[in-house]
Peer 1: 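Dropping the structure in here first, questions after.
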Amino acid sequence: MIDAPTNLTRNILIGMFAGFVVGAIFYYTNLFGDQTSSFVEKYVFLLGSTIFINLLKMLIVPLIFFSLVSGISSLSNLKSLGKITTKTIALYLSTTAIAVTLSLVVGSIFKPGAGYNSEISIAPESLPPGQGVFETIANIFPSNIIQAMANNEMLAVVFFSILFGLALNKTNHLTNNFSESFEKLNTVFMQLVITIISFAPIGVFCLIGKFVIVDGLDVFQEAFKYVVLLIVVLLLHAFITYTFLLKLFTSISVKTFFVKMKDVAIFAFSTSSSAATIPVTLKTVQNDLGVDKNVASFVVPVGATINMDGTAIMQGMATIFIAQMSGIDLTLIQYIQVIILAVVASIGAAAVPSAGTITLVLILQQFGLPLEAIGIILAVDRILDMLRTSVNVTGDAAVACIVAESEGLLDKKIFNK
Ligand code: ASP
């Protein structure tokens with residue numbers, strides 16, 4: 001298991017606080033003079049945050065490619081898994097779509113970012129031309145994968161990664177288990193993600209400092225609304241959506257389900273990583289919820305990789321928040337694009353702390369929204385990351401129960417014990 005950086009949460013909080021304080025000193029006082037102030041703004045905050053954002057962007061394409069390819073190519077038997085796979089993937093995709101839709105509905109009703117106008121907002125003329133449904137669908141199928149990767153066309157990259165993973169899976173016997181090399185590369189890449197995330201305290205310091213030195217502290221009142229709304233949607237999804245789905249598709253007691261999921265949720269909360277929680281999720285799903293081992297060993301790890309409802313909720317809310325803050329009204333087509341992109345971005349997010357904020361970049365980029373706003377999202381992200389990871393793993397377990405029950409592979413005796 002890859003070690004996550006120690007004390008990351010604490011250090012990010014320190015970086016954030018320092019960013020607030022230093023930025024506020026420059027914004028509200030003239031202690032060091034205008035020259036020093038503009039120097040700090042440009043060469044400390046702007047440079048530091050640009051480097052950090054660049055590093056995040058650098059990760060997106062390879063992150064999605066390696067995690068999808070290694071996940072799909074290492075499935076042991078695609079054919080016998082066929083039915084279970086189809087159900088699992090369909091459930092994962094639809095729960096995530098429900099999650100982000102819920103988030104967008106709440107976000108557009110309660111408007112977390114309205115009424116604030118950031119000077120950092122981009123000029124409207126630099127917005128990319130709106131993409132129609134036709135282009136969105138056509139662009140899933142790239143004519144040139146290198147170009148698609150270079151242009152961060154994520155749907156195309158995902159499509160290619162899935163095809164590549166399937167081909168790799170089918171040719172394993174001819175290539176001397178070449179898929180293992182991709183699993184190894186994925187591990188190396190995870191390490192790279194962790195390394196870059198370990199610089200988040202400095203990155204957050206610069207991003208926050210840059211915001212405060214330009215805009216003052218007002219924006220964080222709006223962030224407060226974002227945090228509260230996000231927590232509400234996370235709880236609604238965990239307790240209402242999953243309850244509804246479990247009641248609809250299974251005959252198990254929802255209360256027992258949540259009681260037995262307590263440890264998994266707490267573990268996910270404290271590690272902020274669905275991947276690190278896999279052993280606990282697997283154990284609970286098999287030993288306490290009574291899901292058959294073969295179902296669990298496919299559904300849980302795949303879920304940890306691709307099923308991130310909590311992450312999608314955050315990405316939907318963050319997109320609305322940043323768009324409203326920048327005075328941009330999203331059209332209905334764009335809302336639908338956000339749903340598709342958030343499903344993809346949550347699939348592409350690695351199951352490690354803060355990964356969701358990395359793939360959030362791709363949604364913001366798609367709509368020409370200011371990437372700098374990631375600073376505000378990161379500033380309040382630690383606790384939200386913990387919460388959404390708990391939602392992510394709860395979703396994995398709920399789907400495992402639904403799939404197992406539909407196949408007659410859920411042991412009620414174990415469940416009710
Ligand atoms: N920490 C989340 C997870 O591991 C991913 C994220 O949303 O950042 O599930």
Side-chain angles (χ1 to χ4, degrees), residues 1-5 8-9 12 55-56 59-60 63-64 66-68 71 92 95-96 99-100 103 186-187 189-194 196-200 203-204 226-227 230-231 233-234 237-238 242 261 264-282 299-319 321 341-364 374 376-400:
M1 180 90 58
I2 299 169
D3 291 331
L8 186 66
T9 306
I12 289 187
L55 291 176
L56 292 178
L59 290 176
I60 304 174
L63 188 65
I64 293 190
F66 287 123
S67 77
L68 274 177
Y92 279 157
T95 53
T96 309
V100 54
S103 172
N186 190 39
T187 311
F189 217 82
M190 286 291 205
Q191 179 59 56
L192 189 54
V193 171
I194 300 275
I196 289 175
I197 283 178
S198 68
F199 286 99
V204 167
Y226 160 78
V227 172
L230 192 45
I231 292 176
V233 179
L234 286 172
H237 188 68
Y242 295 146
M261 280 302 291
V264 184
I266 290 174
F267 199 83
F269 187 84
S270 46
T271 58
S272 287
S273 166
S274 319
T277 313
I278 288 177
V280 191
T281 317
L282 213 50
V299 179
V300 171
V302 170
T305 318
I306 70 166
N307 184 48
M308 298 197 184
D309 295 357
T311 304
I313 289 173
M314 176 278 285
Q315 291 172 332
M317 190 64 81
T319 306
F321 172 59
L341 281 169
V343 171
V344 172
S346 66
I347 291 174
V352 295
S354 295
T357 49
I358 295 176
T359 52
L360 172 64
V361 174
L362 85 91
I363 305 183
L364 299 185
I374 292 261
I376 306 174
I377 302 298
L378 276 177
V380 290
D381 196 58
R382 295 312 306 152
I383 180 82
L384 297 172
D385 191 11
M386 295 161 120
L387 267 179
R388 71 172 176 263
T389 308
S390 301
V391 175
N392 291 345
V393 296
T394 308
D396 300 343
V399 169

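Predicted, not measured: the structure shown is a model, and the values here were computed from it. Every number for a ligand or one of its atoms is a count from 1 in the order of the listing.
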Peer 1: Using a 4.0 Å heavy-atom threshold (strictly under), name the region of Met314 that reaches ligand 1: side chain, backbone, both or neither.
Peer 2: neither

Peer 1: Would you call the rings of His237 and Tyr242 parallel, tilted or perpendicular, where under 30° means parallel and over 60° means perpendicular?
Peer 2: perpendicular

Peer 1: If we only count N/O pairs under 3.5 Å, is Met308 in contact with ligand 1?
Peer 2: no

Peer 1: If the cut-off is 4.0 Å to any non-hydrogen atom of Ser273, which atoms of ligand 1 fall inside it?
Peer 2: 4 (O)

Peer 1: I'd like to know if the side chain of Asn392 reaches the main chain of Asp309, judged simply by a donor and an acceptor atom lying under 3.5 Å from each other, with no hydrogens or angles considered.
Peer 2: yes

Peer 1: So if I apply the side chain to side chain contact (heavy atoms under 4.5 Å, CB included) rule between Val264 and each of Thr394, Val280, Asp396, Leu282, which one comes out positive?
Peer 2: Val280

Peer 1: Please write down residue, atom name and distance for the protein heavy atom closest to atom 5 (C) of ligand 1.
Peer 2: Val352 O, 3.6 Å

Peer 1: Where's the contact between Ser354 and ligand 1, heavy-atom distance under 4.0 Å: side chain, backbone, both or neither?
Peer 2: backbone

Peer 1: Mark up the atoms of ligand 1 that fall under 4.0 Å of a heavy atom belonging to Asn392, in ascending order.
Peer 2: 2 (C), 3 (C), 9 (O)

Peer 1: Look at atom 3 (C) of ligand 1 and find which of Ser274, Ser346, Ser390 reaches it with the closest heavy atom.
Peer 2: Ser274

Peer 1: Is a side-chain donor or acceptor of Thr389 paired with a backbone partner of Ala268 at a separation under 3.5 angstrom?
Peer 2: no

Peer 1: With a cut-off of 4.0 Å, which atoms of ligand 1 are near a heavy atom of Thr311?
Peer 2: 5 (C), 6 (C), 7 (O)

Peer 1: With backbone taken as N, CA, C and O and side chain as the heavy atoms from C-beta onward, which portion of Val393 lies under 4.0 Å from ligand 1: side chain, backbone, both, or neither?
Peer 2: neither

Peer 1: Report yes if Thr357 has an N/O atom closer than 3.5 Å to an N/O atom of ligand 1; otherwise report no.
Peer 2: no

Peer 1: Check the pair Gln315, Ser346 against side chain to side chain donor-acceptor pair (under 3.5 Å), reporting the backbone distance first and the verdict last.
Peer 2: CA-CA 8 Å; Gln315 291 172 332; Ser346 66; 4.9 Å; no

Peer 1: Numbering the atoms of ligand 1 from 1, which are under 4.0 Å from a heavy atom of Thr389?
Peer 2: 1 (N), 2 (C), 3 (C), 4 (O), 9 (O)

Peer 1: Step by step, work out the side-chain contact (heavy atoms from CB on, under 4.5 Å) result for Tyr226 and Val380.
Peer 2: CA-CA 9 Å; Tyr226 160 78; Val380 290; 3.9 Å; yes

Peer 1: Tell me every residue that passes side-chain hydrogen bond (donor to acceptor under 3.5 Å, both in side chains) with Tyr92, counting only those two or more places apart in sequence or in another chain.
Peer 2: none

Peer 1: Take atom CZ of Phe269 as the centre, draw a 6.0 Å sphere, and report whether it contains more than 12 heavy atoms from other residues, nucleotides or ligands.
Peer 2: yes

Peer 1: For atom 8 (O) of ligand 1, tell me which residue out of Gly356, Ala312, Gly303 has the closest non-hydrogen atom.
Peer 2: Gly356

